Amino acid sequence: MLSKNKNVSDYKSTKQRNKIIQVLQNAEKPLTAEEIYMLVKDELPSVVISTIYRNMEALKSIIVKTVYNDGKARYEFTKEKHTHNLICLKCKKSIVIEKCPFEAMEKNLSEQNSFEILEHKLEIYGHCKDCRRIKE
Ligand SMILES: [Zn+2]
Ligand SMILES: [Zn+2]
């Protein structure tokens, strides 16, 4: 989830955050914070490494952190691996939909609106097979 109480005037930090996301999206392998820092710094020289760490924390819903054998944490964009859920309103069970139904639509929306989509959420509510059986 991207910050909901984001300060509108905080343009600089939004710009840094978007750049970090872009770097991770374009990366072919997981990157360390230092590697992300060097890549972001190329374009935004005012960035400091603590900004990278702070953003990694803020972006943890779309970025996965893994500590490797060398003891260094590496970060990876996770959008490809996200899932959606069918949530039963009666028993609260949630069924995972592995395949994202929005991949194609997102591409179209992005092209038509020149909008870079970073994240989306979808939860579908209803009654599961077991709960429907009880009702009948
Ligand atoms: Zn149910
Ligand atoms: Zn999706």
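Keep in mind it's a predicted model, so treat the numbers as computed, not measured. Atoms within each ligand, like the ligands themselves, are counted from 1 in listed order. For this chain, numbers begin at 1 and follow the sequence in order.
No side-chain heavy atom of N85 sits less than 4.5 Å from a side-chain heavy atom of I95. Here the side chains of I21 and N55 are not in contact, with every heavy-atom distance at 4.5 Å or above.
When distances to the Zn ion (ligand 1) are checked against a cut-off of 2.8 Å, H127 contributes no N, O or S atom below that limit.
Atoms SG of C91 and SG of C128, as seen from the Zn ion (ligand 1), are separated by an angle of 110°, to the nearest 10°. With the Zn ion (ligand 1) as the vertex, atom SG of C88 and atom SG of C131 span an angle of 110° (nearest 10 degrees).
Neighbouring protein atoms of the Zn ion (ligand 2) (N, O or S, distance under 2.8 Å, waters ignored): H82 NE2, H84 NE2, C100 SG, H120 NE2.
Looking at S94, its side chain never comes within 3.5 Å of a backbone N or O of L86 through a donor-acceptor pair.
A salt bridge links K93 to D130: one of the charged nitrogens lies within less than 4.0 Å of a carboxylate oxygen.
Through direct or indirect side-chain contacts shorter than 4.5 Å among Ile, Leu, Val, Met, Phe, Trp and Tyr, Y68 is connected to no other residue.
Y37 and E35 are not linked by any side-chain donor-acceptor pair at a separation below 3.5 angstrom, with hydrogens and angles left out of the test.
In the hydrophobic clustering of this structure, I49 groups with I63; members are Ile, Leu, Val, Met, Phe, Trp, Tyr whose side-chain heavy atoms approach within less than 4.5 Å, directly or through other members.
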